Peer 1: 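Let me give you the structure first, and then I'll get to my questions.
Keep in mind that the numbers below use all heavy atoms, side chains included, and drop hydrogens, waters and symmetry copies. All residue numbers refer to positions in the sequence shown, counting from 1. Quick caveat: nothing in here was measured; it's all calculated off a predicted structure.
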Amino acid sequence: MIHFLKQHYFWLKTFFQVWGAIAAVFSFCIVTFFSGNHDYLYLRYGMSLNSGVWEGRLTQFLFPWLVSGNQILPVINMLSAFAFYAAAAVLTAKWYGWGEHKKGGLLFALLIVLNPHIVSQIYYTYTILSIGCWHLLAVSGVVLLYDGFQKNKPVNTSEIVECVNVT
C-alpha cells in the first residue's frame with residue numbers, strides 16, 4: 001500500500017486537487033439544490049430502475065439504483081460524480097503523458113473538468129452519478145484497449161470468424 005502511494009503520489013495529489021477544484025467551482029449546484037429544484041419527487045419517493053427507459057436512456061438510473069437503492073442523495077451524488085469526472089480527467093492526462101510536466105497534468109485535467117458543458121450535465125441531480133460513472137468507464141476502456149494493443153498481443157479473431165461463418 002505504501003509503495004503504491006509513493007509510486008502514484010503525483011496522480012493521487014492531482015486527483016484531489018482536480019476534485020477539490022470542480023467541487024469548489026460547481027458548489028453552487030450543491031448549495032442551491034435545496035432552495036428550489038424540480039427533482040424533489042425523485043428525492044422524496046426514489047426512482048424505479050425503468051424510469052428512464054421511456055426516454056431511451058436505458059442506463060440512466062442503473063448506477064444510482066445499485067449504489068443507493070433507488071434513493072437520490074444530492075450532495076453525495078454530486079461529490080461522487082465530481083470524483084468520477086476528476087478521475088476520468090486525471091486518467092486522460094496520465095494517458096496523454098502529461099505527467100512528465102508536473103503542472104501540465106493538473107492544468108490539462110482542470111481544462112477538461114472546468115468547461116461550461118459540465119453545467120448542462122450536472123443540472124439534473126438524479127442522472128449525474130451515472131453520467132460521471134460512464135465518463136470514467138469510457139476513458140478506462142480506451143486506456144485499456146490502447147494498452148492491450150501496445151503490448152502487441154494479437155487478438156485471436158479466428159474463433160470469431162468461425163462463429164460468423166457457421167452455416
Side-chain angles (χ1 to χ4, degrees), residues 1 4-5 7-96 98-99 101-145:
M1 178 75 172
F4 176 82
L5 293 175
Q7 185 179 6
H8 299 289
Y9 174 75
F10 170 72
W11 292 111
L12 290 170
K13 185 175 89 170
T14 303
F15 165 76
F16 284 110
Q17 288 173 335
V18 171
W19 188 28
I22 193 172
V25 168
F26 295 112
S27 63
F28 67 90
C29 291
I30 297 172
V31 173
T32 61
F33 178 85
F34 298 103
S35 65
N37 193 304
H38 66 282
D39 297 336
Y40 279 122
L41 290 178
Y42 286 120
L43 189 69
R44 184 171 178 194
Y45 300 112
M47 62 194 164
S48 65
L49 186 57
N50 63 357
S51 295
V53 174
W54 66 274
E55 298 171 326
R57 300 175 183 172
L58 304 178
T59 61
Q60 176 177 352
F61 295 121
L62 180 63
F63 194 69
W65 189 78
L66 291 172
V67 171
S68 62
N70 83 353
Q71 294 298 314
I72 298 295
L73 311 167
V75 175
I76 294 172
N77 281 9
M78 288 283 197
L79 291 176
S80 299
F82 292 162
F84 288 134
Y85 280 127
V90 168
L91 184 59
T92 304
K94 184 176 180 182
W95 184 57
Y96 275 123
W98 282 94
H101 320 286
K102 293 295 183 187
K103 292 299 178 188
L106 176 63
L107 293 175
F108 183 79
L110 287 174
L111 179 69
I112 292 173
V113 299
L114 296 180
N115 68 59
H117 179 65
I118 298 293
V119 175
S120 68
Q121 295 182 353
I122 64 177
Y123 179 71
Y124 297 104
T125 307
Y126 59 91
T127 59
I128 187 167
L129 199 55
S130 291
I131 292 171
C133 178
W134 296 131
H135 278 83
L136 179 59
L137 288 175
V139 170
S140 300
V142 168
V143 170
L144 288 173
L145 278 173

Peer 1: Let me check something: any side-chain donor-acceptor pairs from residues 108-115 under 3.5 Å, sequence neighbours excluded? List them with distances.
Peer 2:
| from | atom 1 | to | atom 2 | distance (Å) |
| --- | --- | --- | --- | --- |
| Asn115 | OD1 | His117 | N | 2.9 |
| Asn115 | OD1 | Ile118 | N | 3.3 |
| Asn115 | ND2 | Ile112 | O | 2.6 |

Peer 1: Who are the side-chain contact (heavy atoms from CB on, under 4.5 Å) partners of Leu137, not counting sequence neighbours?
Peer 2: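 Applying side-chain contact (heavy atoms from CB on, under 4.5 Å) to Leu137 gives Cys133, Trp134.
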Peer 1: Please check this pair: side chain of Trp19 against backbone of Thr14, looking for a donor-acceptor N/O pair closer than 3.5 Å.
Peer 2: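 Not at all, since once roles are kept as given, no pair shorter than 3.5 Å links the two residues.
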Peer 1: Who passes side-chain contact (heavy atoms from CB on, under 4.5 Å) against Ala138, sequence neighbours left out?
Peer 2: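 Ala138 satisfies side-chain contact (heavy atoms from CB on, under 4.5 Å) with no other residue.
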Peer 1: List in chain and number order the residues that pass side-chain contact (heavy atoms from CB on, under 4.5 Å) with Val143, two or more places apart in sequence or in another chain; answer none if no residue qualifies.
Peer 2: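 With sequence neighbours excluded, Val143 shows a side-chain contact (heavy atoms from CB on, under 4.5 Å) to Leu91, Trp95, Val139, Asp147, given in chain and number order.
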Peer 1: Would you please name every residue forming a side-chain contact (heavy atoms from CB on, under 4.5 Å) with Ser27, sequence neighbours left out?
Peer 2: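 In terms of side-chain contact (heavy atoms from CB on, under 4.5 Å), with neighbours along the sequence ignored, Ser27 is linked to no residue.
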Peer 1: Might you point out which heavy atoms bring Leu129 and Ala81 nearest each other, and give the distance in Å?
Peer 2: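 Minimum heavy-atom separation between Leu129 and Ala81: CD1-N, 4.0 Å.
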Peer 1: Measuring from Phe26:CZ to Ile128:CD1, what's the distance to the nearest 0.5 Å?
Peer 2: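 Between atom CZ of Phe26 and atom CD1 of Ile128 there are 9.5 Å.
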Peer 1: Going from CZ on Phe15 to NZ on Lys94, what distance comes out if it is rounded to the nearest 0.5 angstrom?
Peer 2: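 The CZ atom of Phe15 sits 13.5 Å away from the NZ atom of Lys94.
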Peer 1: Not counting sequence neighbours, list each pair that qualifies as a side-chain hydrogen bond (donor to acceptor under 3.5 Å, both in side chains) and has a residue in residues 72-93.
Peer 2: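 Applying side-chain hydrogen bond (donor to acceptor under 3.5 Å, both in side chains) to every pair that reaches into residues 72-93, excluding sequence neighbours, yields Tyr85-Gln121.
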Peer 1: If you measure from CD on Gln17 to CG on Leu107, what distance do you get to the nearest 0.5 Å?
Peer 2: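 Answer rounded to 0.5 Å: 10.0 Å.
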